[in-house]
Amino acid sequence: MAAATPTHGLGRDLAGLALILASGLAGYWLFPDNLSFLTRLISIALLVLSLDLIVGYCGIASLGQAALYGAGAYAAGIACLNGVTEPFLLVLIGAGAGAVTGLLAGAIMLRAHGLPQLVLSIAIVQLLHEAANKAAWLTGGSDGLAGMAPAPLFGLFAFDLWGRAAYLFGLGLLVAVFVALKLLVRSPFGMVCRGLKEDPLRVSALGISAFPVLLRMFVISGAVAGMGGALGAISTQVVGLDSVSFELSANALVMLVLGGLGNLYGALIGTVVFMAVEHVVAAIDPFHWMTLVGALLIAIVLFAPRGLSGTLDEAARILTRRPRRTGP
């Protein structure tokens, strides 16, 4: 079978981007009463995308990604309560807070490898959770931040109770971030990160130091997660301790494994499937929904070890494979 050409890869990415846009617009028209939930889904999708950058592309074990998400959420919330109400500026503030937190977290986590690295990530998110709880004068503590009032988008579209402006704002942000990340992972920097995951000794032999490369990806990952946190703060106008919880970090990793690591599409697919199943099953059986979701996850991990995106890719290759010609 012939190798994929750059033109083929570009066409595939354009088709994927068109599918994301079409799905997002379809959600706006088909589920007008659930736009708040869909905006929350987009916010978490940004978190899972940020996790894919360090886990899927760099091979860094992490269960503390909510620390970066929560930093962005609290930064945007605090800024909004202090007079900064422009939505785009709040997203940039969230991205900056997430990037700084990613820099600090990366500088600590990259000193270890394997299981100690995973433990460090858990410690970081737990420390930030406790700090947000204790600093009630700044974060609201267990009551959280409330009363935020973001300015209308472009001075025209207010963030209403139906969540229409927030959803379209989130969809546009997701598309822009996804395009930027696709360019990033296809760049020489992205290829070096992949190389460090696959064969760090060979990359080191080329004279490339792993620490600054991985730390840079941590900062980028933090910026993306911080955008997700800021979007969550803008759309719900509330920031609570759940924004920087270990449970959120664990769920994000489950979504990534469910969708598939290392291609960005898996992060989106896993988020949509997990949150949609959780939303529907919890409405059907409020008491045992976790059991049903857990059974589904076990089945997918056992029968689709590469995640849903990897299974779909394999199925597409099988369907499009041309039969070998026999005879003259």
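Just so you know, these numbers use all the heavy atoms, side chains as well, and skip hydrogens, waters and symmetry mates.
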Exercise. Quick check: are there more than 12 heavy atoms from other residues, nucleotides or ligands sitting under 6.0 Å from CZ of Phe211?
Worked result: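 Yes, because the 6.0 Å sphere around CZ of Phe211 holds more than 12 heavy atoms from other groups.
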For this session: Mark yes when over 12 heavy atoms from residues, nucleotides or ligands other than Phe189 sit less than 6.0 Å from its CZ; otherwise mark no.
Result: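 Enclosed: over 12 neighbouring heavy atoms sit under 6.0 Å from CZ of Phe189.
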Exercise. Other hydrophobic cluster members with Phe303, side-chain heavy atoms of Ile/Leu/Val/Met/Phe/Trp/Tyr under 4.5 Å, chained?
Worked result: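 Direct or chained contacts put Phe303 with Ile298, Leu302.
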Exercise. Pairs in or reaching into residues 159-171: which pass salt bridge (charged side-chain N to carboxylate O under 4.0 Å, His left out), with residues at least two apart or in two chains?
Worked result: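 Only Asp160-Arg164 qualify under salt bridge (charged side-chain N to carboxylate O under 4.0 Å, His left out).
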For this session: Assign the ring pair Phe169 / Phe159 to parallel, tilted or perpendicular, where the plane angle (0 to 90°) is split at 30° and 60°.
Result: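 Perpendicular, since the angle between the ring planes exceeds 60°.
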Donor-acceptor pair, [X] side chain versus [Y] backbone, under 3.5 Å?
X: Arg111; Y: Gln117; result: no
X: Ser121; Y: Ser62; result: no
X: Asp52; Y: Leu264; result: yes
X: Asn263; Y: Gly266; result: yes
X: Asn133; Y: Gly141; result: no

Exercise. What's the shortest heavy-atom distance between Ser221 and Ile54, and which atoms?
Worked result: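 Looks like CB-CG2, 3.8 Å.
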For this session: Ignoring hydrogens and angles, state whether a donor on the side chain of Asp13 or Tyr265 is under 3.5 Å from an acceptor on the partner side chain.
Result: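 Indeed, the side chains of Asp13 and Tyr265 share at least one donor-acceptor pair under 3.5 Å.
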Exercise. Does the side chain of Ser43 come under 3.5 Å of the side chain of Tyr69 through a donor N or O and an acceptor N or O?
Worked result: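 Yes.
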Do [X] and [Y] have side-chain heavy atoms sitting under 4.5 Å apart?
X: Leu90; Y: Glu86; result: no
X: Ile60; Y: Val55; result: no
X: Leu268; Y: Leu174; result: yes

For this session: List the steps, then state whether ring pair (Phe, Tyr, Trp, His ring centres under 6.0 Å) holds for Phe154 with Phe88.
Result: CA-CA 9 Å; Phe154 307 110; Phe88 291 100; 5.5 Å; yes
For residues 229-249, which side-chain N or O atoms pair as donor and acceptor with protein atoms under 3.5 Å away, sequence neighbours left out?
unit_1: Ser235; atom_1: OG; unit_2: Leu231; atom_2: O; d: 3.0
unit_1: Ser235; atom_1: OG; unit_2: Gly232; atom_2: O; d: 3.2
unit_1: Thr236; atom_1: OG1; unit_2: Gly232; atom_2: O; d: 2.7
unit_1: Thr236; atom_1: OG1; unit_2: Val238; atom_2: N; d: 3.3
unit_1: Thr236; atom_1: OG1; unit_2: Val238; atom_2: O; d: 3.0
unit_1: Ser243; atom_1: OG; unit_2: Gly240; atom_2: O; d: 3.4
unit_1: Ser245; atom_1: OG; unit_2: Asp242; atom_2: O; d: 3.1
unit_1: Ser245; atom_1: OG; unit_2: Leu248; atom_2: N; d: 3.2
unit_1: Ser249; atom_1: OG; unit_2: Leu63; atom_2: O; d: 3.4
unit_1: Ser249; atom_1: OG; unit_2: Gln65; atom_2: N; d: 3.4
unit_1: Ser249; atom_1: OG; unit_2: Ala66; atom_2: N; d: 2.9

